[in-house]
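The residues of the chain are indexed from 1 along the displayed sequence.
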Amino acid sequence: MTNIHPSAVVEQGAQIAASAEIGPFCYISSQAKIGENVRLIARVSVLGNTTIGEGTVVFPGACLGGGPQDHGNEFQPEAKLIIGKRNVIRENVTMHAGTPKEHFTTVVGDDGMFMVNSHIAHDCVVGNNVIMTNNAVIGGHVHLADGVILGGNAAVHQFCHIGRKAMIGGLTGIARDVIPFAIVTGDRGKLRGLNVVGLKRSGYDEHTIKSITRAYMYIFKGKEDTFEIRVQKAKEKFADNEMVMEQIAFIEESLKGRRNILTAE
């Protein structure tokens with residue numbers, strides 16, 4: 001039987017799994033869906049049409065599923081927040097529901113860690129195994145691919161996309177798309193190279209890492225031709241490296257979407 005503390009407020013209609021634990025002074029809306037083995041430790045607010053996947057733990061002060069900070073769309077009954085499985089959501093984290101611009105939906109994947117005061121805005125898509133460190137914030141419509149790490153107090157501008165396993169340093173502002181496997185630091189983020197340590201820890205072999213490093217140097221540090229031409233030539237030079245092809249596909253998608261890609265200076 002579900003363990004719901006007597007001080008918690010659970011509106012009629014909320015769907016709460018039998019193994020979930022709802023701690024003191026939590027508030028659960030009538031549209032909420034709480035999965036198996038979810039723990040809301042205390043003073044957690046689950047608003048609107050919010051789904052929390054199994055095994056997720058939410059610490060005190062978190063507010064999940066609030067209306068978007070998008071003028072004119074603050075109160076949309078269709079707005080949704082979908083949170084995946086086995087996430088750790090620490091104190092005072094905020095995650096907002098979507099707007100009509102993105103099918104009313106904000107999505108957070110599985111196995112993430114969202115540290116104190118981090119914020120996910122409306123219409124974001126956050127992948128699996130993402131880490132947002134204390135006070136890291138992302139604006140509306142941001143996409144974080146699998147394995148992205150945002151350092152403390154990092155801020156990502158609305159509509160930006162950050163590629164798989166990229167690492168963003170603390171106190172870094174991101175205003176352009178970031179390629180997969182990159183390292184970005186600086187108050188106005190600058191592309192510093194590749195996340196080689198992260199790739200090694202993920203089990204990628206030395207040959208693959210050296211190949212992607214050569215491709216990075218060619219595309220971002222090369223002096224011949226334009227950036228766009230070097231990207232096209234790299235498609236032939238490094239066609240046997242799936243990770244380089246992933247980067248190139250990301251760059252092409254970014255340019256096609258008329259967003260700026262962060263390049264090395």
Side-chain angles (χ1 to χ4, degrees), residues 32-33 35 46-56 58 62-70 73-74 76 78-90 93-115 118-133 136-151 154-168 172-182 184 189 195 246-247 249-262:
K33 304 171 188 65
V46 182
L47 309 177
N49 188 350
T50 295
T51 299
I52 303 178
E54 66 180 58
T56 291
V58 187
C63 185
L64 308 176
Q69 296 177 133
D70 184 72
N73 286 309
E74 295 90 345
Q76 295 284 350
E78 302 95 333
K80 294 184 291 187
L81 168 65
I82 301 172
I83 301 171
K85 303 174 183 178
R86 299 176 301 277
N87 290 289
V88 176
I89 300 173
R90 294 302 305 246
V93 168
T94 51
M95 299 181 180
H96 288 173
T99 71
K101 302 168 189 175
E102 299 284 352
H103 310 291
F104 295 100
T105 304
T106 301
V107 178
V108 177
D110 302 333
D111 300 302
M113 185 168 192
F114 305 93
M115 298 188 194
S118 56
H119 172 67
I120 295 174
H122 59 88
D123 303 298
C124 289
V125 177
V126 176
N128 302 324
N129 298 294
V130 167
I131 298 174
M132 294 178 62
T133 313
V137 296
I138 60 176
H141 310 274
V142 165
H143 287 205
L144 303 182
D146 293 350
V148 167
I149 298 175
L150 300 185
V156 182
H157 192 275
Q158 61 183 355
F159 294 102
C160 287
H161 289 195
I162 298 182
R164 186 166 68 92
K165 291 189 177 295
M167 176 176 282
I168 310 302
T172 296
I174 300 295
R176 290 181 282 175
D177 288 0
V178 176
I179 59 168
F181 322 120
V184 179
N195 184 13
E246 180 179 341
Q247 286 185 321
F250 182 95
I251 293 168
E252 291 179 333
E253 183 66 24
S254 179
L255 297 176
K256 184 172 65 177
R258 297 183 179 179
R259 299 188 307 273
N260 290 323
I261 192 86
L262 191 65

D70: partners by salt bridge (Lys or Arg N to Asp or Glu O under 4.0 Å), with sequence neighbours left out: K101
With sequence neighbours excluded, residues passing side-chain contact (heavy atoms from CB on, under 4.5 Å) with L262: R176, V178, V184, L191
Backbone of K165 reached by a side-chain donor or acceptor of N195 within 3.5 Å: yes
Side-chain touch H103/K80, heavy atoms, less than 4.5 angstrom: no
Any residue meeting side-chain hydrogen bond (donor to acceptor under 3.5 Å, both in side chains) with T105, in chain and number order, not counting sequence neighbours: none
Where G140 and A121 come nearest, the two heavy atoms and their spacing: N-CB, 3.4 Å
All salt bridge (Lys or Arg N to Asp or Glu O under 4.0 Å) counterparts of E78, not counting sequence neighbours: none
For the student: nearest non-hydrogen atoms of G65 and A97, plus distance: O-CB, 4.0 Å
CD1 on I138 to CD1 on I174, rounded to 0.5 Å: 12.0 Å
Point-to-point distance, once rounded to the nearest 0.5 Å, from CD1 of I168 to CD1 of I131: 13.0 Å
Heavy-atom donor-acceptor pair, N128 side chain to D110 backbone, under 3.5 Å: yes
Minimum heavy-atom distance between A62 and V58, given as atom pair plus value: CB-CG1, 3.5 Å
Test side-chain contact (heavy atoms from CB on, under 4.5 Å) applied to A136 - qualifying residues, sequence neighbours left out: M132, L150
Contacts of E54 that satisfy side-chain contact (heavy atoms from CB on, under 4.5 Å) - sequence neighbours left out: E36, K85
Contacts of type side-chain contact (heavy atoms from CB on, under 4.5 Å), residue M95, not counting sequence neighbours: L64, L81, I83, I89, V93, V108, F114, I120
Listed partners of H141 passing ring pair (Phe, Tyr, Trp, His ring centres under 6.0 Å), at least two apart: H122, F159
Closest non-hydrogen atom pair, G84 against N87: O-ND2, 3.2 Å
By salt bridge (Lys or Arg N to Asp or Glu O under 4.0 Å) - contacts of R164 (at least two apart): E246
Nearest non-hydrogen partners of P68 and G98, listed with the distance: CG-O, 3.7 Å
Spacing of CD1 belonging to I261 relative to CD belonging to E253, to within rounding of 0.5 Å: 10.5 Å
Straight-line distance of M167 CE to T172 OG1, nearest 0.5 Å: 11.5 Å
Salt bridge (charged side-chain N to carboxylate O under 4.0 Å, His left out) partners of residues 120-131, not counting sequence neighbours, each pair once: none
Separation of N129 CG from R86 CZ (nearest 0.5 Å): 9.0 Å
L144 side chain reached by C124 side chain, heavy atoms, under 4.5 Å: no
Backbone of I82 reached by a side-chain donor or acceptor of T51 within 3.5 Å: no
All side-chain hydrogen bond (donor to acceptor under 3.5 Å, both in side chains) counterparts of H143, not counting sequence neighbours: none
Point-to-point distance, once rounded to the nearest 0.5 Å, from CG of L47 to OG1 of T94: 11.0 Å
Which residues share a salt bridge (Lys or Arg N to Asp or Glu O under 4.0 Å) with D177, sequence neighbours left out: R259
Shortest non-hydrogen separation from N73 to P100 and the atoms involved: OD1-CD, 3.4 Å
